[in-house]
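Below, chains carry the letters A, B, ... as their sequence lines are ordered, and counting in each starts from 1.
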There are 2 protein chains.
Amino acid sequence: MLTKTTEYAIRALIFIQARNLKGERPRLPEIAEGSNAPVHYIGKILQTLVRHRLLASAKGPGGGFFFAKNVPSISLFDVIRLMEGEAFFHRCGFGLNNCSVENPCPAHDQYREIRELYLEKVTRLTIADLAERVNEGKAYLDV
Amino acid sequence: MLTKTTEYAIRALIFIQARNLKGERPRLPEIAEGSNAPVHYIGKILQTLVRHRLLASAKGPGGGFFFAKNVPSISLFDVIRLMEGEAFFHRCGFGLNNCSVENPCPAHDQYREIRELYLEKVTRLTIADLAERVNEGKAYLDV
DNA sequence: CATAAAAAAGATAAAAAGGTCTTAAATAAT
DNA sequence: ATTATTTAAGACCTTTTTATCTTTTTTATG
């Protein structure tokens with residue numbers, strides 16, 4: 001399961017992208033409201049995303065958050081990897097650090113299947129796709 | 001992802017079951033070592049499990065932890081439900097409380113697939129099966 | 001340039017999770 | 001009955017996560 005922080009990040013990115021697709025550039029307070037996260041906290045999170053170039057921002061009047069044009073949309077995988085760390089995707093289901101094919105935990109194979117499905121999904125899902133679904137009224141971000 | 005506490009619980013239960021199958025009744029210090037968890041902490045966790053009848057215990061000399069005979073082995077689902085709560089299995093991937101078929105989050109269907117696979121797996125996997133794998137030397141619990 | 005708008009940064013606080021220590025209660029064995 | 005052994009219970013501490021508040025920096029515009 002993702003941490004709250006990562007969930008906020010994903011929701012905020014989808015919200016920003018949805019607005020960007022409509023030609024808007026949302027500012028922090030709107031993003032916080034739209035993604036149901038505390039303003040200052042989401043501020044910090046977006047700051048991290050910008051620092052790592054998953055997102056762009058502009059200060060001052062007319063500023064806000066936006067995605068760079070002509071850059072392929074980031075995937076959920078990109079966001080999760082940044083927020084949770086690469087290890088998140090390889091973690092043993094039972095929390096064992098040694099867990100591997102040679103030294104498997106008792107549910108190694110079963111968890112592998114789940115992880116693989118998960119990885120496949122989050123790699124395919126892009127923020128842009130998800131934002132489009134929101135703009136089309138097919139999906140919602142309200143808590 | 002499971003909390004550390006739940007991981008400890010699962011590892012401890014498998015350890016206890018593995019010993020039970022060999023006719024032994026492990027005590028706290030051994031369980032803590034065998035499941036790589038802090039003694040006192042695992043003590044609390046097992047206490048919870050006993051209180052909810054997923055496990056049995058005996059105080060005093062010759063005491064320890066064990067599973068009631070002739071009771072079908074509990075599944076990972078049972079343990080996870082107790083430790084994390086029923087909601088764990090229905091939680092939205094993006095942390096949205098309203099998320100449902102009528103009001104889906106942008107990745108609702110994809111996450112549903114993953115959840116269903118997960119649910120199927122943890123329902124099928126019993127502590128006894130997993131413990132057997134350990135006793136057969138096919139799986140390990142070391143961190 | 002002065003001003004206002006906005007994100008960035010940093011310091012701090014509150015809450016939750018994880019972990020330790022001490023004492024009490026139960027029980028088997030002598 | 002006393003003692004030793006063992007889990008149960010409760011109080012307390014530490015770390016991590018989540019959240020807030022304040023100040024600084026950047027920038028567009030009059």
Indicate whether the side chain of D129(A) and that of T126(A) have a donor and an acceptor atom separated by less than 3.5 Å.
yes
Heavy atoms only: give me the nearest A131(A)-A18(A) pair and the separation to one decimal.
CB-N, 3.5 Å
Closest to the Y41(A) side chain, choosing from dT20(C), dA19(D), dA8(C):
dA19(D)
Between dA4(D) atom C1' and K59(B) atom NZ, what is the distance in whole Å?
15 Å
Residue whose closest nucleotide on DNA chain D lies nearer the 5' end, H40(A) versus T6(A):
T6(A)
Whether the T5(B) and Y41(B) side chains hold a donor-acceptor pair (N or O, under 3.5 Å, no angle test) is what I'd like checked.
yes
Distance, rounded to the nearest Å, where I42(A) contributes CD1 and dA6(C) contributes C1':
17 Å
Rounded distance (Å) that lies between atom P of dT6(D) and atom CD of Q47(B):
18 Å
Hey, is the side chain of S57(A) poking within less than 4.0 Å of OP1 or OP2 on dA6(C), counting only N and O atoms?
no
Tell me: CG of L55(B) to C1' of dA8(D), nearest whole Å?
13 Å
Closer than 4.0 angstrom, basic N to acidic O: yes or no for K138(A) and E132(A)?
no
If I take atom CE in residue M83(A) and atom P in nucleotide dT17(D), what distance separates them, rounded to the nearest angstrom?
11 Å
Can you tell whether the side chains of E116(A) and K121(A) come within less than 4.0 Å, N to carboxylate O?
no
In whole angstrom, give the distance that lies between atom CD1 of I31(B) and atom C1' of dT7(D).
10 Å
Nearest whole Å is fine: how far is dA8(D) P from I45(B) CD1?
13 Å
Using a heavy-atom cut-off of under 4.0 Å over every strand shown, decide if G43(B) touches base, sugar-phosphate, or nothing.
nothing
Checking only heavy atoms, does the side chain of K44(A) share a donor-acceptor pair with the base of dG10(C) at less than 3.5 Å?
yes
So, for F77(B) and F89(B), is the gap between ring centers shorter than 6.0 Å?
yes
Identify whether any heavy atom of V50(B) sits under 4.0 Å from a base atom; if not, whether one sits that close to sugar-phosphate; answer base, sugar-phosphate or nothing.
sugar-phosphate
Which nucleotide in the set dA4(C), dA19(D), dA9(D) lies at the smallest distance from any side-chain heavy atom of P38(A)?
dA19(D)
Among the candidates dT18(D), dA7(C), dG19(C), find the nucleotide nearest to the side-chain atoms of F65(A).
dA7(C)
Measuring to OP1 and OP2 of dA19(D), would you say a side-chain N or O of Y8(A) lies under 4.0 angstrom away?
yes
Taking CZ from R25(B) and P from dT27(C), how many angstroms apart are they, rounded to a whole number?
12 Å
P61(B) has a side chain; which of dA4(D), dA8(C), dC21(C) sits nearest to it?
dA4(D)
So, is K4(A) near the phosphate of dA19(D), with a side-chain N or O under 4.0 Å from OP1 or OP2?
yes
Residue L28(B), side-chain atoms from C-beta onward, closest of dT7(D), dA8(C), dG10(D):
dT7(D)
Minimum-distance nucleotide to T5(A) side chain [options: dT18(D), dA6(C), dT20(C)]:
dT18(D)
